[in-house]
Amino acid sequence: MADVNNNAENESKKGVDFIRQIINEDLKTGKGTQQVQTRFPPEPNGYLHIGHAKSICLNFGIAEEYKGVCKLRFDDTNPSREEQEYVDSIVEDVRWLGFNTDEKIYFASDYFDQLYAWALELIQSGKAYVDSQSAEEIRTMRGTPTKPGTDSPYRNRSVEENLELFDKMRKGELDEGTCILRAKIDMAHLNMNMRDPAMYRIRKASHHRTGDKWNIYPMYDFAHGYEDAIEGITHSICTLEFENHRPLYNWFLENVAVPCHPRQIEFARLNLSYTVMSKRKLLELVKENYVSDWDDPRMPSISGFRRRGYTPASIRRFCSEIGISKVNSLVDINFLQFIIREELNSSAERAMAVLDPLKVVITNYPEGQSEELEAENNPANPDAGTRMVPFGREIYIEQNDFMEDAPKKFFRLAPGREVRLKHAYFITCDEVIKDADGNVTELHCSYDPATRGGDSPDGRKVKGTLHWVSAEKAVKAEVRLYDKLFSLENMDEMEEGKDYKDYLNPESLIVKESMVEPSLAACEAGKSFQFLRQGYFIADVRDHSAQHPVFNRTVALKDSWAKLQKK
RNA sequence: UUGGACGUCGGCAAGCGGUAAGCCACCGGGUUUUGAUCCCGGCAUUCGCAGGUUCGAUCCCUGCCGUCCAAGCCA
C-alpha cells in the first residue's frame, strides 16, 4: 500500500506544491496502489542548465519522498541534432547534483521497435495514415487557430496501402520529405495539435545509438507518452508549453493497448534574472566565443555553476525554495546568490587576497625582520582551526582601502588615520608617496608593536580592519571576477529590434593580477575560500596550479559600504 | 481573432469559505579583529478590476482587463 504520509514528513509545515497534492490525491483515490514513478527526459542536444535542475530536483525529489523511482531517460528521437557528447555531460551533471548515482539510464531509442509496433496498430485500426503532401502543403492545410484545417487528399488511403507505404518509409525506399505518417484525429479540432499530427518522419541520418537501423524516427508527441507507459511512469511532469499537447498525449495512450496510462502534469519553467535559458542561445554563446565553453562560469549551465563554485546542495536548495507553480515567473538571481553565500559562509575557509595591490611600508618595523601571525580559518566554525600568515615590513593592501581625502564615513586608511590589519597590528598612515602624475604609489605607515594580533592593550578602538598580504611572501595569482552575463534584468523584455547579444555585459569577466597569501597557492583545484572582505572564490578546476594559481569569484560578499557610496 | 493556461508585497510563494505564512530584496537599530556573519525591528486593512452568492469571499459564480502558450516533417 502506498504510504501517503511519507510525503508529510518530508515537506514539514510548508504547504506542498500542487503537483505533490495531485500525487497525494491519486494515491488516496486508489489508482494508486502503485509506486510513484517519474522521469527526467532530456533531449541530448545541449548541456543542462539551472532550469533543468529545477525539473531534475522535482522529479528525483518526488521519487525520493514517495519512495518511488525516477528514471533518467534520453528522449533521443531526432538523430539530426543529438550527440553522445551531450548524453555524457547530462549524466555527469545529473549525478553531480546528487541524483541517479547508481541507477540505470534509459533511452527512447531502446523503444523504437515497440513504438513502431504501436504505429502499425494505429494504422491497422484506421487511426493513422501516410500523407504524401509536401511539408508546405501540410502547413497550409492545417488551417490557423481561427480557421479549421482541411483533410489531406491522402487521408482515406486503405489500411493496406498505408501499411505498404509505411514499410517503404521504414526501408528507406522513399526520400526525406516525401511523406510522413500522421495520426487521423480531427482537422477541425480547436487544438491545433489534434489536427492530424505527424507521428513519423523520414530521416536518413545515423543515430548516435541505433546507427543506420532506422530511416524513420518518431515525433515527440507520438513517442513520449509511450515511452512513459513502457517504463511504468505514473506522473509525467513537464513544462507549461506542453499543456496544449496533453490531449494528444492522452489520445495516443488511449488508442493502442499500453501497459499503463501515465498522467501528464505541467509546471512553469524557471527563468532567472540577467540571463537567458534557451539551449539555442546558450549554444550560440559557446559557438561564437562570447564565453569560453559550456562550463564558462558565467553560463547558467549546471557545469558553469559548478565551475563558478556553486555546490550541488546550494542548487538543490535553490530549486526547492523557489517552489513549483504554474505562474510564468522570473526568479531574482540574488536569491541564488544568497543561498550560496549562506552555505559558503559556514563551510569556506578564510584567506587574504589583495586584488588591487597598494604597497605599504611600515617604517618603524625593523628592516629584515619578519614573523608569522596566527589567523583563524573560519570564525563561524572553530573546528576549521588556524593557520600562520607571514608578516613583514612591506605589505600590500587594497587600493580602495586608502583614500587621500576621506569623508567622515570612510573607516579605512587615510592620512593620519589608524586602522587594524586583520590578525596583525594597528597601523597609522604617515605619508603618501605619489608618482609624477600624482597617482598614489606607496604609503608610509607606522605600527604599534603592542597591538600584535590585532588588539590594543590600552583599549583604544579603530573603525576599520583591512586585509593585507606580505609583499615578500605573497604569491601572484590570477583572480577572475565574474558578474552577470547580461545587463537586462528580464531578458524577455528586450527592446524592439534588439538581439539578446546586444545586452551582453562587457564587465561580466574582469581578470585581476592579484597578490594572495602563500597558503592559497598550495591549495587543490576545486576548493572554495572566502577572501576576506571580498567574496567567495574557488580554485579553478581547469586552470589552477601551484605554479599559476587561478581563482574564480563565486559571489561577492554583501557590501554595505558600496551601497552607502551609491547614495 | 479562436482554444488553453495563469493573475496574492519589488521578486519567489503559502493560502483550498472564518477574516493575508515564509523566504529573498529593501529600510531602520544592536553586536563584531571581515562596513561580512549574527541579532532585533519594520515592510500587502488587502489578494488584476467590477458585480453577485453568503452572516462572512483571496478562496464560489458572472463579466471585463492583462500576461503566457499554440498554425515544426523540433523537443
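All values derive from a computational prediction rather than experimental measurement. Each chain gets a letter, A, B and so on, in the order its sequence line appears, and its residues count up from 1.
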- Message: Distance criterion of 3.5 Å, no angle test: do you see the side chain of Arg341(A) paired donor-to-acceptor with the base of rU37(B)?
- Response: no
- Hey, is the side chain of Ser80(A) poking within less than 4.0 Å of OP1 or OP2 on rC74(B), counting only N and O atoms? no
- Item | Close approaches to RNA chain B from residues 214-226 of chain A, in residue order (heavy atom, under 4.0 Å) | Pro218(A), Met219(A), Tyr220(A)
- Message: The criterion is side chain to side chain contact (heavy atoms under 4.5 Å, CB included); which residues satisfy it with Pro153(A), sequence neighbours excluded?
- Response: Gln133(A), Met141(A)
- Give a yes or no on whether the ring-centroid distance for Trp468(A) and Phe391(A) is below 6.0 angstrom. yes
- Of Phe166(A), Tyr226(A), Tyr111(A), which is the lone residue that meets ring-ring contact (aromatic ring centres under 6.0 Å, His included) with Tyr116(A)? Phe166(A)
- Task: Could you measure between the two P atoms, the one in rA44(B) and the one in rG35(B), and give it in whole Å?
- Result: 32 Å
- Item | Distance, C1' atom - from rC47(B) to rG15(B), rounded to whole angstrom | 10 Å
- Query: Rounding to the closest angstrom, what is the interatomic distance between rG11(B) and rU19(B) at atom C1'?
  - Reply: 27 Å
- Task: For rA14(B) and rU2(B), measure between their C1' atoms and round to the nearest Å.
- Result: 35 Å
- In B/S/- notation, 5' to 3', how is nucleotides 4-12 of chain B contacted by protein heavy atoms closer than 4.0 Å? -SSS---SS
- Note on the structure: Closest of rC73(B), rA75(B), rU34(B) to the Pro379(A) side chain is rU34(B)
- Consider the side chain of Glu43(A), meaning its heavy atoms from C-beta on, and name the nucleotide among rC26(B), rC74(B), rA71(B) that approaches it most closely. rC74(B)
- Item | Pairwise P distance for rU31(B) and rA21(B), with rounding to whole Å | 32 Å
- Phosphate OP1/OP2 of rC74(B) contacted by Arg203(A) side-chain N/O (<4.0 Å): yes
- Message: On the six-membered ring of Phe107(A), is Arg209(A) placed so that its NZ or CZ lies under 6.0 angstrom from the centre and within 45° of the ring axis?
- Response: yes
- Note on the structure: Of rA75(B), rC73(B), rU2(B), the nucleotide closest to the side chain of Ile180(A) is rC73(B)
- Query: Do Arg20(A) and Glu65(A) sit within salt-bridge range, that is, some charged N less than 4.0 Å from a carboxylate O?
  - Reply: yes
- Of the nucleotides rA75(B), rG35(B), rA70(B), which has the atom closest to the Pro145(A) side chain? rA70(B)
- Query: Looking at the side chain of Asn78(A), which of rC38(B), rC74(B), rU34(B) is the nearest nucleotide?
  - Reply: rC74(B)
- Query: On a whole-Å scale, what distance lies between the P atoms belonging to rU1(B) and rG56(B)?
  - Reply: 37 Å
- Ring centres of Phe242(A) and Tyr249(A) under 6.0 Å apart? no
- When you measure from the side chain of Leu190(A), which nucleotide among rC73(B), rC24(B), rU2(B) comes out closest? rU2(B)
- Task: Determine the Euclidean distance between corresponding C1' atoms of rU45(B) and rU53(B); express it in Å to zero decimal places.
- Result: 24 Å
- Query: Do NZ/NE/NH1/NH2 and the carboxylate oxygens of Glu227(A) and Arg39(A) come within less than 4.0 Å?
  - Reply: no
- Determine the Euclidean distance between corresponding P atoms of rA20(B) and rC9(B); express it in Å to zero decimal places. 16 Å
- All side chain to side chain contact (heavy atoms under 4.5 Å, CB included) counterparts of Asn400(A), not counting sequence neighbours: Glu398(A), Arg412(A)
- Task: Please list, chain by chain and in numerical order, all residues satisfying side chain to side chain contact (heavy atoms under 4.5 Å, CB included) with Val419(A), sequence neighbours excluded.
- Result: Leu413(A), Ile427(A), Leu466(A)
Please output the side-chain donor-acceptor pairs of residues 326-340 of chain A that fall under 3.5 Å, not counting sequence neighbours, one pair per line with the distance.
residue: Lys326(A); atom: NZ; partner: Glu243(A); partner atom: OE2; Å: 2.5
residue: Asp332(A); atom: OD1; partner: Asn334(A); partner atom: N; Å: 3.0

- Task: Counting heavy atoms from C-beta on, name the nucleotide in rC27(B), rC74(B), rG35(B) closest to the side chain of Phe410(A).
- Result: rG35(B)
